[in-house]
Amino acid sequence: MSTPSADSYYGQPVLKEPTWHSPEVPGYLFLGGLAGASSLLAAFAHASGDDELARASKAGAAVAIGLSGAALVKDLGRPARFLNMLRVFKVTSPMSVGSWLIASYGPAAAAAAASAVTGRLPRAGAAATAAAAALGAGVATYTAALICDTAVPAWHDGHREMPYVFAGSAATAAGGLGMLAVGPVAAAPAVRFAVLGAATELTARSMLLRRLGEGAGPYQAGRAGRLMEAGEVLTAAGLSGAMLAARSRTAAALSGMALLAASACTRFGIFEAGRGSARDPAATIGPQRERRRLSEAAAR
Amino acid sequence: MTATDVQITTRPDGMDTYPGQQPRMGFFTDTSVCIGCKACEVACKEWNGVPEDGLNLTGMSYDNTGSLNASTWRHVAFIEQIGRSSEPGESRWLMSSDVCKHCTEAACLDVCPTGALMRTEFGTVVVQDDICNGCGYCVTACPFGVIARRETDGGAHKCTLCYDRMGDGQTPACALACPTESIQYGPVDELRERAQRRVGELHDQGNDAARLYLDDPTDGIGGGGAFFLLLDEPEVYGLPPDPVVTTRDLPRMWRHVARAGAALAAGALAACLGWEGRNR
């Protein structure tokens with residue numbers, strides 16, 4: 001009979017590991033960000049007459065949200081009941097808020113794309129573009145609350161920074177898609193969006209890791225660590241390429257792809273880090289013990 | 001009774017009650033008298049028709065159940081401690097029947113996007129099996145790793161505190177089967193008083209490590225409808241030492257999400273205006 005350690009029950013996790021599957025859920029975090037941020041870029045490009053970029057971003061947003069919706073339904077334990085999400089609206093459940101966001105954003109993004117691609121119903125298309133942009137800001141960022149409103153230490157304890165990481169990552173992806181989809185001159189706003197996004201994401205990410213302190217381990221170890229690192233390297237490569245983007249179509253497309261991949265790597269890395277921290281009893285117990293020690297010391 | 005006659009009183013533990021109605025019901029599990037017989041595990045499975053979850057040998061102790069799960073709603077932990085006290089070579093066995101805590105502030109209930117998880121008239125937290133769509137959010141939100149998804153039907157499952165028995169004035173199966181009254185069922189107020197007396201008795205007998213766990217309405221989950229008397233640190237039993245319901249931080253999360261969304265929109269606008277503004 002083995003002797004249990006005083007620090008946990010035979011090294012077993014305190015928490016249940018998320019049932020969410022990969023690639024569905026991290027894929028959704030990436031695609032939702034790509035879609036929402038693309039709709040914002042599309043709306044402002046539309047308003048300032050950058051039609052080529054607006055059209056490409058609208059089409060990209062519609063495809064991305066379609067794929068992510070399918071991924072979400074597939075991840076349910078009872079996919080046939082997915083519409084049960086829409087029988088209530090609860091602000092205490094980011095997933096409920098997200099369901100309503102996607103249910104309203106999806107059709108708007110699809111209508112905006114359909115109008116832009118076919119050239120029909122321009123007024124309705126413009127209204128759909130505006131609606132998709134407003135809702136898209138929510139679609140791209142609410143997912144941070146979705147994963148942080150859990151007992152998973154690596155997610156929950158980063159809840160102050162995660163929304164900015166997600167917003168930055170979403171802009172990086174949407175900018176990357178624009179660079180990939182349109183010519184170098186038309187892509188100038190996309191390049192700027194990607195640069196702003198990447199800078200925000202990298203800053204917020206380092207703030208998140210600093211706040212977690214010892215709890216940042218799951219972001220640095222194993223698969224999660226490799227993904228997070230790949231995200232950084234790809235971001236750097238994409239940004240360097242973006243400097244040449246105005247001169248070369250090939251450079252623009254390659255950097256666009258690198259930025260899309262960077263955003264995906266970050267989301268998959270964050271997802272894996274959460275799973276890792278849920279599996280590790282020390283990640284749950286350590287910070288709670290410290291919190292209890294501090295509150296007992298304060299009470300004395 | 002007309003609508004104006006109904007007075008809702010707010011109790012110190014935050015659970016609203018209606019006059020003349022059912023008080024909040026729960027479990028007090030006094031692990032100091034648990035003998036590890038697992039009658040609670042068996043009675044729970046039998047009454048609730050919970051499917052078997054494998055005849056596995058964990059190889060770590062007499063605990064071959066492992067943990068609470070979609071098909072395990074009572075779990076008896078077994079801990080052998082050798083040489084932990086000041087007496088060299090002295091050993092003891094700790095046994096504890098774990099269960100869903102039926103939190104006052106229940107994360108699973110808060111995050112459930114379908115409304116499948118609900119609060120009953122007894123103050124307990126129950127999954128409505130015909131509504132759950134298996135999204136798994138409750139699994140990720142529970143600070144105790146209690147609720148889980150059953151792979152055979154894709155739905156989330158956990159202890160109901162024998163909702164069907166309670167409605168008929170019956171004692172939940174585990175408490176009824178417990179041969180030592182380690183599992184006690186009753187109104188939470190009464191159980192809390194009983195638990196205070198019991199922990200006082202143990203302290204008087206020199207067992208200073210005895211403590212109550214989740215009995216306090218001011219703790220991170222607003223107190224449990226099921227709470228425990230433990231003889232060691234909670235983490236020894238596989239319980240989190242200071243759980244806090246994740247939704248307490250949700251207002252702050254939404255504020256940051258709103259700011260991040262606004263920043264994203266501002267970024268898109270700035271990108272389209274260009275660094276020097278648009279001079280066309």
Side-chain angles (χ1 to χ4, degrees), chain A residues 1-4 6-10 12-16 18-20 37 40-41 44-45 48 50 76-78 81-82 84-85 87-88 92-93 95-96 99 137-138 140-142 144-145 148-152 156 159-160 163-164 166-167 170-171 189 192-193 196-197 284-285 288-289 291-292, chain B residues 60-61 66-67 77 79-80 82 107 110-116 131-137 139-145 148-149 154-155 233 235-243 246-247 249-250 252-254 256-257 259-265 267-275 278:
Chain A
M1 205 174 284
S2 63
T3 306
D7 296 328
S8 72
Y9 186 66
Y10 300 98
Q12 286 197 79
V14 173
L15 305 174
K16 289 277 177 284
T19 57
W20 298 334
L40 278 164
L41 184 62
F44 290 115
S48 55
D50 293 326
L76 296 176
R78 292 161 169 172
R81 295 189 190 170
F82 75 97
N84 281 8
M85 301 273 195
R87 67 188 279 285
V88 289
T92 61
S93 170
M95 195 183 284
S96 171
S99 303
T141 50
Y142 95 86
C148 292
D149 190 31
T150 61
V152 176
H156 178 93
H159 68 260
R160 293 171 187 81
Y164 307 100
F166 275 30
R192 288 190 287 264
F193 198 33
L196 286 172
T284 306
I285 293 167
Q288 291 192 20
R289 234 187 221 170
R291 182 165 66 210
R292 196 182 48 181
Chain B
M60 64 189 189
S61 74
S67 63
I79 301 115
E80 180 165 48
I82 298 168
D110 287 341
V111 303
C112 176
T114 62
I131 292 172
C132 172
N133 68 3
C135 75
Y137 206 0
V139 178
T140 315
C142 174
F144 302 99
R149 198 158 83 178
E233 301 290 337
E235 47 269 42
V236 169
Y237 297 88
L239 298 164
D242 186 22
T246 181
T247 27
D249 294 319
L250 187 56
R252 189 195 287 129
M253 292 179 211
W254 282 135
H256 283 295
V257 164
R259 272 180 223 149
L264 186 60
L269 174 62
C272 289
L273 288 176
W275 299 139
R278 190 169 280 263

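The shown structure was predicted, so the numbers you read here are calculated from the model rather than taken from an experiment. Per chain, numbering begins at 1; letters A, B, ... match sequence-line order. Only heavy atoms go into these numbers, but all of them, side chains included; no hydrogens, no water, no symmetry mates.
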[atom1] of [X] to [atom2] of [Y]: how many Å apart, nearest 0.5 Å?
{"X": "B/R259", "Y": "A/R160", "atom1": "CZ", "atom2": "CZ", "value": "11.5 Å"}
{"X": "B/S67", "Y": "A/Y10", "atom1": "OG", "atom2": "OH", "value": "13.5 Å"}
{"X": "A/I285", "Y": "B/E235", "atom1": "CD1", "atom2": "CD", "value": "5.5 Å"}
{"X": "A/S48", "Y": "B/L269", "atom1": "OG", "atom2": "CG", "value": "9.0 Å"}
{"X": "B/T140", "Y": "A/H156", "atom1": "OG1", "atom2": "NE2", "value": "14.0 Å"}
{"X": "A/R87", "Y": "B/I131", "atom1": "CZ", "atom2": "CD1", "value": "3.5 Å"}

Under 4.5 Å, counting heavy-atom pairs only, tell me which of B/A262, B/G155, B/C132, B/P143 racks up the most with chain A.
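The residue among B/A262, B/G155, B/C132, B/P143 with the greatest pair count is B/C132.
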
Based on non-hydrogen pairs under 4.5 Å, which of B/P241, B/A148, B/G115 is most in contact with chain A?
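Between B/P241, B/A148, B/G115, the count favours B/P241.
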
Student check: side-chain heavy atoms of [X] and [Y] closer than 4.5 Å:
{"X": "A/Q288", "Y": "B/P243", "result": "yes"}
{"X": "A/C148", "Y": "B/H256", "result": "no"}
{"X": "B/R149", "Y": "A/R78", "result": "no"}
{"X": "B/E233", "Y": "A/R289", "result": "no"}
{"X": "A/F193", "Y": "B/L264", "result": "yes"}
{"X": "A/H159", "Y": "B/T246", "result": "no"}
{"X": "B/V139", "Y": "A/P18", "result": "no"}

For the student: nearest non-hydrogen atoms of [X] and [Y], plus distance:
{"X": "A/L41", "Y": "B/A268", "result": "N-CB, 4.0 Å"}
{"X": "B/P113", "Y": "A/S96", "result": "CB-N, 3.8 Å"}
{"X": "A/A151", "Y": "B/A141", "result": "CB-O, 3.5 Å"}
{"X": "B/V236", "Y": "A/Y9", "result": "O-CD1, 3.5 Å"}
{"X": "B/C272", "Y": "A/A45", "result": "SG-N, 3.4 Å"}
{"X": "A/A167", "Y": "B/A260", "result": "CB-O, 3.8 Å"}

Mind ranking [options] by heavy-atom pairs under 4.5 Å with chain B and telling me who comes out on top?
{"options": "A/A37, A/A144, A/S93", "answer": "A/S93"}
{"options": "A/L76, A/V152, A/L40", "answer": "A/L76"}
{"options": "A/V14, A/L15, A/V88", "answer": "A/V14"}
{"options": "A/A170, A/A137, A/A145", "answer": "A/A145"}

Tell me, side chain or backbone of [X] under 4.5 Å from chain A's heavy atoms, or both, or neither?
{"X": "B/A265", "answer": "both"}
{"X": "B/C142", "answer": "backbone"}
{"X": "B/A77", "answer": "both"}

Is the centre of the B/Y137 ring less than 6.0 Å from the centre of the A/W20 ring?
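Yes.
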
Structural part of A/R292 lying under 4.5 Å from a heavy atom of chain B
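For A/R292, backbone and side chain are both near chain B.
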
From A/D149, A/T92, A/T150, residue fulfilling side chain to side chain contact (heavy atoms under 4.5 Å, CB included) relative to B/V111:
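Testing B/V111 for a side chain to side chain contact (heavy atoms under 4.5 Å, CB included) against A/D149, A/T92, A/T150 leaves exactly one candidate, A/D149.
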
